[in-house]
Amino acid sequence: MTNRTTENEFLLLGFSDMRELQLLHFVVFLGIFLVALAGNLLVITTVALSHHLHTPMYFFLMNLSILDLGSISVTVPKSMVNSLLNTRMISYTGCVAQVFLFIFFTEADFAFLTIMAYDRYIAICQPLHYERVMNGRVCVQMAAGAWISGVLHSALHTGNTFALTFCGNNTVDQFFCEIPQLLKLACSDSYLGEVGVIVFNSCLFLSCFLLIIVSYVQIFTTVLRIPTERDRHKAVSTCLPHLIVVSLFISLGVFAYVKPTSISMSGLDLVMAVFYSVVPPVMNPIIYSMRNKEIKGALRKLIG
């Protein structure tokens, strides 16, 4: 019979065993974290304090920034501390918290990306009905649904993962507690339930992605009918960055969570995890806000 691990902690994968590279990793991640922190806080503050930005589009954008800020705060600070202190340890409780919070922020984040695609669909394809369809009550209900769905999915994932029997090794081949890597530590006969949950949620993610694609097919069909080139360019410019971010988000996430756990590519897994967990919270404020004239104008007024 395989012995169940009695460890009350896990060991995370370090970026390097060399002290100089550990310090470099700390500095790089610190810079990335500060950029994400500043960008998302600027978006949240600007939208909250600028009355003319109190519209559905910016309301959802503010929620997205809150989620991005939470997402990067779950993984990056712990990795920075470990590099600075030359340790790889994370407590069992800390690992549970990382799994719950990261899945919560990530799934709610994608729910808002889906909602934002629907918002753009209504704004471009049914502009005369926009105020009626996307009224304040509906926006709050959609936002609440996204947050609640994130909590429920995260609770399901976390509960299934840590109900498993972990056998022997307690080393997680990732810089944070990631479910696919935790499944590798589970006994072979105990992780099938969580694999089923991952497949189920992957199908939900795919459904959301298909809804986004359908929305954009309708959007671009409508855009092609717009008579003036200037208006067509304006409509496309508000949609294309969102579609690029969604595509990147989905492709990286699917690779990390659908790839069979038997495939061992620690270096590639580490790089992909950095991309899907760190890059979006940094880039989203730039893509969605810093290129937006209304956001930049509101920000100048607040600073001035």
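All residue numbers refer to positions in the sequence shown, counting from 1.
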Engineer: Are the aromatic ring centres of F110 and F209 under 6.0 angstrom apart?
Structural biologist: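 Not under 6.0 Å, so no.
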
Engineer: Is the number of heavy atoms from other residues, nucleotides or ligands within 6.0 Å of CZ (R137) greater than 12?
Structural biologist: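 Counting other residues, nucleotides and ligands, CZ of R137 stays at 12 neighbours or fewer.
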
Engineer: Quick one: hydrophobic cluster around V140, which other residues, with the 4.5 Å side-chain cut-off, linked directly or via members?
Structural biologist: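 Answer for V140: none, a lone residue.
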
Engineer: Just do the side chain to side chain contact (heavy atoms under 4.5 Å, CB included) check on M89 and N82 with the steps written out, would you?
Structural biologist: CA-CA 7 Å; M89 186 197 74; N82 280 2; 5.8 Å; no

Engineer: Go through it in stages, so that I can follow the logic: the residues are K78 and Q98, the test is side chain to side chain contact (heavy atoms under 4.5 Å, CB included), and I'd like the CA-CA distance, side-chain angles, deciding distance and then a yes or no.
Structural biologist: CA-CA 10 Å; K78 177 59 179 175; Q98 269 199 346; 3.8 Å; yes

Engineer: Among residues two or more places apart or on two chains, list those pairs meeting side-chain hydrogen bond (donor to acceptor under 3.5 Å, both in side chains) that have a residue in residues 48-64.
Structural biologist: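 Sorted result for residues 48-64: Y58-N292, Y58-E294, N63-W147.
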
Engineer: Look only at the side chain of S149 and the backbone of A146, and say whether a donor-acceptor pair between them is shorter than 3.5 Å.
Structural biologist: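 Answer holds: yes.
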
Engineer: Which pairs count as side-chain hydrogen bond (donor to acceptor under 3.5 Å, both in side chains) when at least one residue sits in residues 210-221, sequence neighbours excluded?
Structural biologist: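 The answer is Y216-H242.
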
Engineer: State plainly whether one hydrophobic cluster holds both L11 and L13, where clusters connect Ile, Leu, Val, Met, Phe, Trp and Tyr through side-chain heavy atoms under 4.5 angstrom apart.
Structural biologist: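 Each belongs to a different hydrophobic cluster.
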
Engineer: Any chance you could lay out the side chain to side chain contact (heavy atoms under 4.5 Å, CB included) test for F175 and S277, step after step, and finish with the verdict?
Structural biologist: CA-CA 11 Å; F175 77 97; S277 65; 3.6 Å; yes

Engineer: Would E107 and L204 satisfy side chain to side chain contact (heavy atoms under 4.5 Å, CB included), going step by step from the backbone distance to the final call?
Structural biologist: CA-CA 10 Å; E107 298 212 8; L204 291 181; over 6 Å; no

Engineer: Only pairs at least two apart or in different chains count here, so list each disulfide (SG to SG under 2.5 Å) that has a residue in residues 83-138.
Structural biologist: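 Counting only pairs at least two positions apart or across chains, the disulfide (SG to SG under 2.5 Å) contacts touching residues 83-138 are C95-C177.
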
Engineer: Is L85 reachable from M18 through a run of hydrophobic residues whose side-chain heavy atoms are each under 4.5 Å from the next?
Structural biologist: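 Not linked; separate clusters.
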
Engineer: Please state whether the rings of F176 and F102 are parallel, tilted or perpendicular, taking 30° and 60° as the class boundaries.
Structural biologist: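 Plane angle between 30° and 60°, so tilted.
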
Engineer: Under 4.5 Å between side-chain heavy atoms, counting indirect links through other Ile/Leu/Val/Met/Phe/Trp/Tyr residues: same cluster for I115 and V217 or not?
Structural biologist: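 Linked within one cluster.
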
Engineer: What pair of heavy atoms forms the shortest contact from L69 to A36, and how long is it?
Structural biologist: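 Closest approach of L69 to A36: CD1-O, 4.3 Å.
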
Engineer: For residues H157 and I103, report the shortest heavy-atom separation together with the two atoms involved.
Structural biologist: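 Shortest heavy-atom contact: CD2-CG2, 3.8 Å.
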
Engineer: Using side-chain contact (heavy atoms from CB on, under 4.5 Å) as the criterion, list what pairs up with V138, not counting sequence neighbours.
Structural biologist: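 Partners of V138 by the side-chain contact (heavy atoms from CB on, under 4.5 Å) criterion, ordered by chain and then number, come out as N135, M142.
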
Engineer: Please confirm whether the backbone N or O of P56 pairs with a side-chain atom of D119, one donor and one acceptor, at under 3.5 Å?
Structural biologist: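 It does not hold such a pair.
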
Engineer: Hey, can you tell me if F60 and F112 have their rings parallel, tilted or perpendicular (30° and 60° cut-offs)?
Structural biologist: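 Plane angle between 30° and 60°, so tilted.
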
Engineer: For Y118, give me all partners under ring-ring contact (aromatic ring centres under 6.0 Å, His included), at least two apart in sequence or on another chain.
Structural biologist: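 For Y118, no residue satisfies ring-ring contact (aromatic ring centres under 6.0 Å, His included) once neighbours in sequence are set aside.
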
Engineer: Checking the side chain of D68 only, and the main-chain atoms of N284 only, is there a donor and an acceptor separated by less than 3.5 Å?
Structural biologist: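 A pair under 3.5 Å: no.
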
Engineer: Using a distance-only test with no angle check, is there a side-chain donor-acceptor pair under 3.5 angstrom linking Q22 and N86?
Structural biologist: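 Per modelled atom types, Q22 and N86 side chains form a pair under 3.5 Å.
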
